[in-house]
Amino acid sequence: MKSILCIVCPNGCRLSVEKNTEGLVVAGNQCKRGVDFAVAEITNPTRTLTTTVRTSFPGVPVLPVRTAGEIPKGKIRDLMNHINGIIINRPVGIGETVAENILGLGVNVIATSNILREEV
């Protein structure tokens, strides 16, 4: 049995997940979304990654970014290694793509600040 905390709604249910002959059995949820969350978390955990990338602008050495969608949890380290090699050399704003289809996962990395547009 595995115990996880549901983060889908404000209830924060403590879920227990067991595998039996019929599949996964989830207990402790107060809503159906908890079941869906638990099954996804056990079978294919994903995350949205927020971090920073370097820039070539002396006044703004880093720019906050995030993935535009969820990525497999097991790919976070590979993604960070790739992102650490990116240097932004043009003014980008909120929602603009910084890296397209990162690691072939079909997810873009986007800017989450207009600080470069304000700086230049």
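As the structure is a prediction and not an experimental result, all values here were calculated from the model.
V65 pairs in a side chain to side chain contact (heavy atoms under 4.5 Å, CB included) with only one of the listed residues (V98, T97, I110), which is V98. Under the side chain to side chain contact (heavy atoms under 4.5 Å, CB included) rule, V92 has a single partner from V53, L116, I115, N114, which is L116.
Between the side chain of N11 and the backbone N or O of C13 there is no donor-acceptor pair closer than 3.5 Å. Remark: side-chain polar atoms of T55 are not paired, donor with acceptor, to backbone N or O of I88 under 3.5 angstrom. The closest donor-acceptor contact from the side chain of R54 to the backbone of N84 lies under 3.5 Å. In this structure, T112 contributes its side chain and P64 its backbone to a donor-acceptor pair below 3.5 Å.
Closest non-hydrogen pair, S56 versus I87, comes out as N-CG2, 3.9 Å. Closest approach of I4 and F37 over heavy atoms only: CD1-CE2, 4.0 Å. Taking every heavy atom of both residues into account, V26 and G34 meet most closely at CG1-O, 4.5 Å. In this structure, I42 and K2 approach most closely via the heavy-atom pair CD1-CD, 3.6 Å. Of all heavy-atom pairs between A111 and G93, the closest is CB-O, 3.3 Å. L15 and A38 make their closest contact through CD1-CB, 3.8 Å (heavy atoms, listed as atom of the first residue, atom of the second, distance).
Atom CD1 of I94 has more than 12 heavy atoms from other residues, nucleotides or ligands within 6.0 Å.
A distance of 11.0 Å separates CZ of R66 from CG of L49, quoted to the nearest 0.5 Å. Annotation: the span from E41 atom CD to K73 atom NZ amounts to 6.0 Å, rounded to 0.5 Å. Taken from SG in C6 to CZ in R33, the straight-line distance is 8.0 Å, to the nearest 0.5 Å. Atom OG of S3 is separated from atom CE of M1 by 7.0 Å, given to the nearest 0.5 angstrom.
Residues I83 and I102 are in side-chain contact: their nearest non-hydrogen atoms beyond the backbone lie under 4.5 Å apart. Using a 4.5 Å heavy-atom threshold, the side chains of L63 and S113 count as touching. A heavy-atom distance below 4.5 Å is found between the side chains of L79 and T67. Taking 4.5 Å as the limit, some side-chain heavy atom of T43 sits within range of a side-chain heavy atom of L24.
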**Message:** If you apply the rule side-chain contact (heavy atoms from CB on, under 4.5 Å), what do you find for E118 with V60, and how did you get there?
**Reply:** CA-CA 10 Å; E118 296 165 3; V60 184; over 6 Å; no
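V62 and M80 sit in two unconnected hydrophobic clusters of ILVMFWY residues. Membership requires side-chain heavy atoms under 4.5 Å apart, directly or through other members. A chain of hydrophobic side-chain contacts below 4.5 Å, direct or via other Ile, Leu, Val, Met, Phe, Trp or Tyr residues, connects V39 to I7.
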